[in-house]
Amino acid sequence: MLGSLLVGCEASLNLEGVAQEMDKPIRRTDQFQGVASNGSTIVAVGSDGLIVTSAVNDLTWNRKDIEGSPSFVDVDSCSDSTFVALSIDKRVWISDPQGEHWLPTELPTPEDMVDVSCSPTNDIWTVGSFSTVLYSSDKGKSWTESTLNEDALLTSIQFLDAQTVLVSGEFGVLSKTTDGGITWSAPEYIPNDFYVQSAFFKSINEGWVAGLSGKILYTNDGGLTWNTQVTSTESPLYGFIESNNRIFAYGDHSTILELSGERWQSIPNAQSPVYIRAALQLTKKTLLMTGGSGALYTLDVPFRDMKISQQ
């Protein structure tokens, strides 16, 4: 009898809310890792095969769930308007300019690759563990591999021009090439084994690196010396973006900072306290921010009278 009573009291499962959430192009469970634009189309990528696209002039998102649910860690746009994305399973994905069709290619390396970038001449570059650098000049058909011979994870890659590339990462490793990757400089080391989450250089000499505990370091001599700049946060910082001659940093707990002289000031952000993993300039006054828990939103950044760099 007791068993019958318990069965009789059991409520029917209402899945209507779940179905409504699954029909949305952006979901609370989405974890975005990268965003890029080719001037016409925006592509944002994330874990579990997540890709969303939108026209730049009309932020209406269309969702794609890639078969096999690869976990995407980064995306970039190329000068020929195609997109390139990196998944954690050692594959690079190349799409058409609309971000509609994605074709994967296997990376010929046992190393874990974590960042991808497209050069000004449409070469695909990716960096990762054991200070490994891979690049392809034929859209992934063949790859050239090199290493700095450091047991360190490279986390950041930046092109200053087609031949000048800077890479940085774990243990404060920083190196550059001025001949398109044929040779690399002996690594410089940022003090105290600084773990570089992201780096941004305005020139071969002047740059910033961000890391854990809200720390940002600055160099004006190409990494020979570094100075700590004051920030208003202790949250990990994951990236930089230059927008209309202004420099912003972003990271965990919806943290957004702007460089003012030699200090970084907080930008008001009403969004929930999630991590911000990537950012994109939409207009002179508007950024697109993306990250955890389905964060994909615009942020207005009013103009201020600020000195951006130090000489």
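Every heavy atom of this structure was used, including side-chain atoms; hydrogens, water molecules and symmetry mates were not.
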All heavy atoms of G39 vs all of S37, minimum pair found to be N-OG, 3.0 Å

Distance-minimising heavy-atom pair for Q281 and N244: OE1-N, 3.7 Å

I want to check something: taking the side chain as every heavy atom from C-beta on, are [X] and [Y] in contact at a cut-off of under 4.5 Å?
X    : Y    : answer
I94  : I124 : yes
F200 : Q158 : yes
C78  : K139 : yes
V43  : I51  : yes
E242 : K202 : yes

Hey, any chance I26 and V35 share a hydrophobic cluster, counting ILVMFWY side chains that come within less than 4.5 Å of each other, even indirectly? yes

Do Y189 and W184 belong to the same hydrophobic cluster, where Ile, Leu, Val, Met, Phe, Trp and Tyr are linked whenever their side-chain heavy atoms lie under 4.5 Å apart, directly or via other members? yes

Are more than 12 heavy atoms from other residues, nucleotides or ligands located less than 6.0 Å from atom CG of N192? no

For atom CD of Q271, decide whether the heavy atoms of other residues, nucleotides or ligands shown that lie under 6.0 angstrom number more than 12. yes

Any side-chain to backbone donor/acceptor pair from [X] onto [Y]? Under 3.5 Å, distance only.
X    : Y    : answer
S136 : W143 : no
S213 : K215 : no
S175 : S185 : yes
S47  : S71  : no
E258 : Q265 : no
R63  : P25  : yes
D76  : S117 : no

Which of parallel (below 30°), tilted (30 to 60°) and perpendicular (above 60°) describes [X] and [Y]?
X    : Y    : value
W226 : F201 : perpendicular
W125 : Y135 : parallel
F72  : W93  : perpendicular

Can T219 and D221 be said to form a side chain to side chain donor-acceptor pair (under 3.5 Å), step by step? CA-CA 6 Å; T219 182; D221 56 15; 2.8 Å; yes

Tell me who clusters with L212, hydrophobic residues only, linked when side chains sit under 4.5 Å apart either directly or through other members. none

In the hydrophobic cluster built from side-chain contacts under 4.5 Å, what are the other members alongside V274? none

Checking T82 against D80 for the side chain to side chain donor-acceptor pair (under 3.5 Å) test, could you report, in this order, the C-alpha distance in whole Å, the side-chain angles of both residues, the deciding distance, and whether it holds? CA-CA 6 Å; T82 60; D80 63 3; 2.7 Å; yes

Side-chain donor-acceptor contact under 3.5 Å, T233 with T231: no

Name the one of T126, D112, T109 that satisfies side-chain hydrogen bond (donor to acceptor under 3.5 Å, both in side chains) with K90? D112

Show, in sequence, the C-alpha distance, side-chain angles and deciding distance for S131 and T147, and conclude whether the side chain to side chain donor-acceptor pair (under 3.5 Å) test is met. CA-CA 5 Å; S131 59; T147 177; 3.2 Å; yes

How long is the gap from CD1 on I157 to CG on L166, to the nearest 0.5 Å? 9.5 Å

